[in-house]
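To start, the structure itself, in structure tokens.
Bear in mind the structure is a predicted one, so any value in this text is a computation, not a measurement.
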Amino acid sequence: MKLTETDIKELYKFTRQHYVYFYDVQTELVDHLANDIENIWIEKPNLSFEQARDISFKKFGIFGFMDVVEKKQNEMNKKYFKTILRFAKEWFRLPKIILTTLIVIVFYYIQELPNAYYTYVSIYSFIIISEAIVLIINKKKSRKQFKATGKKWMFQNIIQINGIGNSVLIIFYVFKFSVQNNAQDFLLLGNFSRILSALVISVVLILGYIILIVIPQKAEELLEETYPEYKLSKNL
């Protein structure tokens, strides 16, 4: 026995009912369930679709699909981190390393100015606020896209929402631990601390640029590379 198109649609509905909201993860689970159900029917051809489906679902254990979702989430988070790292490495190779060095030098000498502390605070604040604004915009954009297509992709969600949200928190804690509590203490930093502070803010600035500008510009390319079916779904 083979599953019908109606059965496949029911499996997609079944995954959504069990808290799987991303289309790519749903598709992976539907493929697994469909193959397993057909194998179950070979041994027990008298079972209904629902009975065979429930037998297959029980094999996922007491947490159902959650382990699969968590595993996929970890996989996509690693992919996102590697993507950031790939673009970040370009800033430490020729020719961009020249610009990176100049940025570090500028931030080093900024620390000699009387208003250096407020300059650093302003830059960190600008990056954090920019990411927070983009995050809000992307959430609205994601909801609108979901209404139009009925599909959410996990890696796209990480690029547009989760990745930026995590970045805001990380940059905030970097700011808290790398910048002194007041302007007077900041001006009294030793030479090594100034170099480190300049290097940290330069890296934060580059990462902010990658997360807010570079990756969003490459998003479609990255999604088509991750999901061969993504391009096809856009043309439907």
Side-chain angles (χ1 to χ4, degrees), residues 73-139 141 154-223 225-226:
Q73 186 80 47
N74 291 336
E75 180 186 327
M76 290 295 104
N77 282 333
K78 286 178 182 177
K79 182 177 179 64
Y80 181 69
F81 176 76
K82 287 180 180 179
T83 302
I84 293 174
L85 198 59
R86 171 157 58 101
F87 290 120
K89 284 179 179 178
E90 294 176 4
W91 288 82
F92 295 92
R93 298 185 185 130
L94 287 171
K96 285 187 177 179
I97 193 171
I98 298 171
L99 179 57
T100 303
T101 303
L102 287 174
I103 292 170
V104 174
I105 290 171
V106 167
F107 278 121
Y108 174 81
Y109 282 106
I110 280 176
Q111 293 176 82
E112 295 183 356
L113 301 175
N115 61 347
Y117 173 79
Y118 301 103
T119 302
Y120 266 58
V121 170
S122 297
I123 291 169
Y124 274 108
S125 299
F126 174 77
I127 296 171
I128 291 171
I129 292 169
S130 296
E131 291 196 350
I133 291 171
V134 171
L135 180 61
I136 293 168
I137 293 170
N138 283 351
K139 281 186 175 182
K141 182 180 176 182
M154 183 176 279
F155 192 50
Q156 185 180 43
N157 188 70
I158 290 172
I159 290 173
Q160 292 182 338
I161 300 172
N162 289 3
I164 295 175
N166 292 336
S167 173
V168 169
L169 290 175
I170 291 169
I171 292 173
F172 175 76
Y173 284 113
V174 168
F175 164 71
K176 290 289 288 182
F177 287 104
S178 66
V179 178
Q180 300 298 312
N181 291 326
N182 57 70
Q184 186 175 1
D185 290 342
F186 191 72
L187 290 171
L188 295 175
L189 288 175
N191 194 48
F192 175 77
S193 295
R194 286 188 177 187
I195 294 172
L196 184 61
S197 182
L199 185 60
V200 169
I201 196 171
S202 299
V203 170
V204 166
L205 193 63
I206 289 168
L207 290 178
Y209 173 74
I210 291 169
I211 291 167
L212 289 176
I213 298 174
V214 177
I215 290 180
Q217 287 177 347
K218 299 277 188 180
E220 292 297 305
E221 180 185 327
L222 291 168
L223 289 168
E225 176 188 301
T226 306

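Proximity of N77 to F81: side-chain heavy atoms (C-beta onward) are nowhere separated by under 4.5 Å. Counting only heavy atoms from C-beta outward, the side chains of R194 and E112 approach each other to under 4.5 Å. Side-chain contact check for L205 versus I201: every heavy-atom pair is 4.5 Å or farther apart.
Taking CD1 of I211 as the start and CG of L135 as the end, the distance is 11.5 Å to the nearest 0.5 Å. To the nearest 0.5 angstrom, T119 atom OG1 is 9.0 Å from F107 atom CZ. Atom CG of L85 sits about 11.0 Å away from atom CD of E90, to the nearest 0.5 Å.
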Listing, residues 95-104 side-chain donor-acceptor contacts under 3.5 Å, not counting sequence neighbours, or none:
{"residue": "T100", "atom": "OG1", "partner": "W91", "partner atom": "O", "Å": "2.5"}
{"residue": "T100", "atom": "OG1", "partner": "K96", "partner atom": "O", "Å": "3.2"}
{"residue": "T101", "atom": "OG1", "partner": "I97", "partner atom": "O", "Å": "2.7"}

Validation: residues 156-164 side-chain donor-acceptor distances under 3.5 Å, sequence neighbours left out:
{"residue": "Q156", "atom": "NE2", "partner": "Q145", "partner atom": "OE1", "Å": "3.3"}

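Residues that satisfy the salt bridge (charged side-chain N to carboxylate O under 4.0 Å, His left out) test with K218, not counting sequence neighbours, are absent from this structure. Partners of V204 according to the side chain to side chain contact (heavy atoms under 4.5 Å, CB included) rule, which considers only residues two or more places apart in sequence or in another chain, are Y124, I127, I171, V174, V200. With sequence neighbours excluded, no residue forms a ring pair (Phe, Tyr, Trp, His ring centres under 6.0 Å) with Y80. The salt bridge (charged side-chain N to carboxylate O under 4.0 Å, His left out) check on K139 picks up nothing, with sequence neighbours excluded. Residues that satisfy the ring pair (Phe, Tyr, Trp, His ring centres under 6.0 Å) test with Y108, not counting sequence neighbours, are absent from this structure. Taking the side chain to side chain contact (heavy atoms under 4.5 Å, CB included) definition, one finds that S122 meets it with nothing, sequence neighbours left out. Under the side chain to side chain contact (heavy atoms under 4.5 Å, CB included) criterion, I137 pairs with I133, sequence neighbours left out. Partners of E131 under the side-chain hydrogen bond (donor to acceptor under 3.5 Å, both in side chains) rule, at least two apart in sequence or in another chain, are S167. In terms of the side chain to side chain contact (heavy atoms under 4.5 Å, CB included) criterion, residue partners of R86 (sequence neighbours excluded) are, by chain and number, T83, L222.
Smallest separation of non-hydrogen atoms from V168 and A132: CG2-N, 4.1 Å. Between S197 and Y120, the shortest heavy-atom distance links the atoms OG-CE2, 3.2 Å.
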- Task: Evaluate the criterion side chain to side chain contact (heavy atoms under 4.5 Å, CB included) for residue pair I206 and F87; output intermediate values, then yes/no.
- Result: CA-CA 10 Å; I206 289 168; F87 290 120; over 6 Å; no
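Screening residues 76-85 for salt bridge (charged side-chain N to carboxylate O under 4.0 Å, His left out) gives K79-E225 as the qualifying pairs, with residues at least two apart or on separate chains.
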